[in-house]
Every structure is written in structure tokens, then in C-alpha cells.
Amino acid sequence: MFLPATLIALSWFSAVFAGSANFGDSCSVSNNRLQVGTYQFYTDCNSVTYCASNGTCAHRGCRRDDFPFGYPQDSDNLPPKCGKNQFCPDEMDDCLNVLPVGSACQMNRDDQCEGPPNYKDLLDTTNRGLNVNGSVCLNNVCMWANLTENDDCVVQNTAYIGYTASGDEFIDIVSRYATNELGNCRVGLYCDAQSLKCFQEKSLGVSCDADKECSTWNCMSSGVCGTDQALDRHLSSWVYAIVGIGIFVGMFGTLIGLFCLHTKQRDAERERRLRYWREQASSNAFHQNLSQMREAARSSILSIPVIGSSTRSTLYGGNNSDDSHAPMMPNALGQPRTSRLRNHVKADGNSEDDDESLIMQQPVQSLRGDDGRF
């Protein structure tokens, strides 16, 4: 269902200009009222002024809160709070004296009513806002909360407007004694909505129909009085013990798990490094053996004995004059003089064409018998 466009426009207009008049602007006292549905006080003036009797907005003369709405933080222009036996009305124009019993009071303003002589005995000590100094304002009339059990009592029902998630309106009827007050009965009693009489509050576990009937102010969905939801909940010692053990087990389990994980990672890294160094050592050994074979080949070539009486022949073979120890040279058979050394160094594949195989053949040139030079 859609609202008419005219109603939407009027609501937008009132939302923009309601309570927006500044100090010195014109206003009308007749516009002071409680908003329908919320019962919030409305005035033409803004949040720091009130509509005076001369039809203009004036600075407020009192305040109810320590930090009133509309004033900047740490403001030096806050209006004063009212003293003892005084109250600040909804208009917040000036402090007024408390009203005697039976006087008209503003809605839910128990603080506007004068307390009874024995207010100390009737004073609310439960911190539930049952009364102010033993007095209540019900149906806009000041009363004393001094009625005893089975006395006739007064209740106040207020209809508030609520809204669903889809924006539809519904009416929420709130009985004051069923929320924050117990009618005008004494503390420890409640005012029954059907009989309008004061009855003793019910103990824990007793059947109930509303929160106001229970001393704990908690009537559960099962229809019995439950524990007070406003009280601190105390747990058994074993709960704290289990929680503490769980915390320590979790902490040490995490530490042990991390230690095992890091140990495994360190072992894997150590093994990887060992494999690397083994490969390096194997490669170095291969190159070392290769170098040794090269040196051995060179030494063998240089140590070949040569037949001849010239002293130059000792250059490669030394002073070896005994021909019986000299090997038979191939040139004796008419072949070119070469070394009989054939060194073959093969790789693991035993392939003759392997790149890592070493075939060395060093021919030895015959020495010329000139004057000491090659």
C-alpha cells in the first residue's frame, strides 16, 4: 500500500522545518506538544532555545541532563541544572518547584512530583526507576507510591507506533507498570491489570503472566519467573579450570606443532645441502683425477728414454747410457718415431666418442745432433 504523494510531501516539509527556529525567531506556544507515536516533546525552536510567551525563541533557562543535546562539547553556555525540590520542565524555560500530590504533571515525569513525608521508606532502591522519592506521575497526575497489598491501584497504558522491516506501522501498547513502574504500589508489590489491586511479587520458579509479577522482572516464555537478567552471571570454578586448561593446551600445542614443523623443514634443508655438497665433492674428485692423469701422461712422455750417445738425449730420458735398458724404438723398423703411450680415459659410458674421454698421443721428435740445441 502506497501513501499519497501529498502526505509524503507534507511529512517531508514538517521534517525539514520542525524545530528549526533560532534565537530571536518567531514561534508559537500553541505548537508545543508531544509527537504522536513517540511522545517526544516538540517545539518550533531548535535544541538550544525554547518558545517564550512573547512568541520568540529564547535561550533555555535550565537543563535535565549533564550533557544536553545540541550544545557543543565543553561549552561554557550550558544552562544550569535545577536544585533540590525543583525540576526542569519539558520546555526547559526555567526551574520550577516540585508539585504536591494530586497536581497535574507532564507525561512520565515522576521528578516533578513532591515526595511523601516517609519518602525514605518508599524510595526505590532497586535502580529500576520505580519512583522518584516515593512519588510517581501516572495519567499526568502526581501520586505517592505508598499503597499496600490488596489496595486499589492505578495503571497507565500508552500506545506507541512501531514499524516493521517492510515499513508497515503497528501499535505497541505499553503499560507503565509492566515496563519501568509498578503503578502506585509500594516497592515489592505490583498492580494487577485485571483487578487493579496491589499484589506481592512472585518468587523464582512461580508461574507468571508478565515481567512485573516477578521479583526478578523476568517472566520467561515457559510462564515461570526466571533469574534476573540484569544481575551478573557467576560461573562455577570448574568452568574457569576447563577454560584455563584449554588455553594452555592450545598455546603449548601450537608451540609444539610449530617446533615439529620447523624441525622437519630444517631436516629437509639439511638433506638438500648435503646432496649439493656430495655432488660438488664428486665433481671436484673427477676434475682432480683428470688433472692427475694429465700430469701422469705428461710425466710419462717426458720420461721416455732415447737411444743415443749425445748428451742432448738426456733432456727427456736422463743419463741412461745402458742400451740394454732402452726399449726398441719403432723407427728401428723404418717407422716414424712416436711414443708408445696411449692413455685412454673414458667416461662411465665407455664410448669412444664421449666428450669427457681423453685420448692423448704425443709423438716424440728425434733429436738432432747439433751443437747442444734442439
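For the numbers below, each heavy atom of this structure counts, side chains included, while hydrogens, waters and symmetry mates do not. By convention here, the first residue in the shown sequence is residue 1.
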Under a 4.0 Å threshold between the charged nitrogen and the carboxylate oxygen, would Asp267 count as salt-bridged to Lys264? no

Would you sort out whether Asp151 and Lys197 count as a salt bridge (charged side-chain N to carboxylate O under 4.0 Å, His left out), showing the intermediate values? CA-CA 5 Å; Asp151 288 345; Lys197 289 185 177 293; over 6 Å; no

Output the rest of the hydrophobic cluster of [X]: all Ile, Leu, Val, Met, Phe, Trp and Tyr residues reachable through side-chain heavy-atom contacts under 4.5 Å, sorted by chain and number.
| X | answer |
| --- | --- |
| Val224 | Met220 |
| Trp277 | Tyr276 |
| Phe23 | none |
| Ile245 | Val249 |

Non-neighbouring partners of Ser221 that pass side-chain contact (heavy atoms from CB on, under 4.5 Å), sequence neighbours left out: none

Can you list everything that forms a salt bridge (Lys or Arg N to Asp or Glu O under 4.0 Å) with Glu279? Sequence neighbours excluded, please. none

Does Arg266 have any salt bridge (Lys or Arg N to Asp or Glu O under 4.0 Å) partners at least two apart in sequence or in another chain, and if so, which? none

Against the six-membered ring of Tyr42, is Arg33 placed for a cation-pi contact (under 6.0 Å from the centre, within 45° of the normal)? yes

Which of these passes side chain to side chain donor-acceptor pair (under 3.5 Å) with Asn46: Asp44, Thr43, Thr49? Thr49

Contact check, side chains of Asn32 and Val29, non-hydrogen atoms, under 4.5 Å: yes

Heavy-atom side-chain proximity of Tyr71 to Val48 below 4.5 angstrom: yes

Under 3.5 Å, side-chain donor or acceptor atoms of residues 86-96 against the rest of the protein: list the pairs with distances, not counting sequence neighbours.
| from | atom 1 | to | atom 2 | distance (Å) |
| --- | --- | --- | --- | --- |
| Asp90 | OD1 | Arg109 | NH1 | 2.7 |
| Glu91 | OE1 | Gln106 | NE2 | 3.3 |
| Glu91 | OE2 | Gln106 | NE2 | 3.4 |

Mind listing the closest non-hydrogen atom pair of Val136 and Ala145 along with its distance? CG1-CB, 4.4 Å

Specify the closest pair of heavy atoms between Pro100 and Cys142, including all atoms of both residues, with the distance to one decimal. O-CB, 3.7 Å

With a cut-off of 3.5 Å and sequence neighbours excluded, list every side-chain donor-acceptor pair involving residues 74-81.
| from | atom 1 | to | atom 2 | distance (Å) |
| --- | --- | --- | --- | --- |
| Ser75 | OG | Asn77 | N | 3.3 |
| Lys81 | NZ | Asp66 | OD1 | 2.7 |

Filter on ring-ring contact (aromatic ring centres under 6.0 Å, His included), then keep only pairs touching residues 238-269, sequence neighbours left out; what's left? none

Could you pull out all residues at least two apart from Phe41 that satisfy ring pair (Phe, Tyr, Trp, His ring centres under 6.0 Å)? none

Residue pairs fulfilling side chain to side chain donor-acceptor pair (under 3.5 Å) with at least one residue in residues 282-292, sequence neighbours excluded: none

Give a yes-or-no answer on whether the side chains of Ser135 and Asn133 include a donor-acceptor pair shorter than 3.5 Å. no

Is there a donor-acceptor contact under 3.5 Å linking the side chains of Thr216 and Asn218? no

Phe170, CZ atom: more than 12 neighbouring heavy atoms under 6.0 Å: yes

If you count the non-hydrogen atoms of other residues, nucleotides and ligands that lie under 6.0 Å from CD in Gln40, is the total more than 12? no

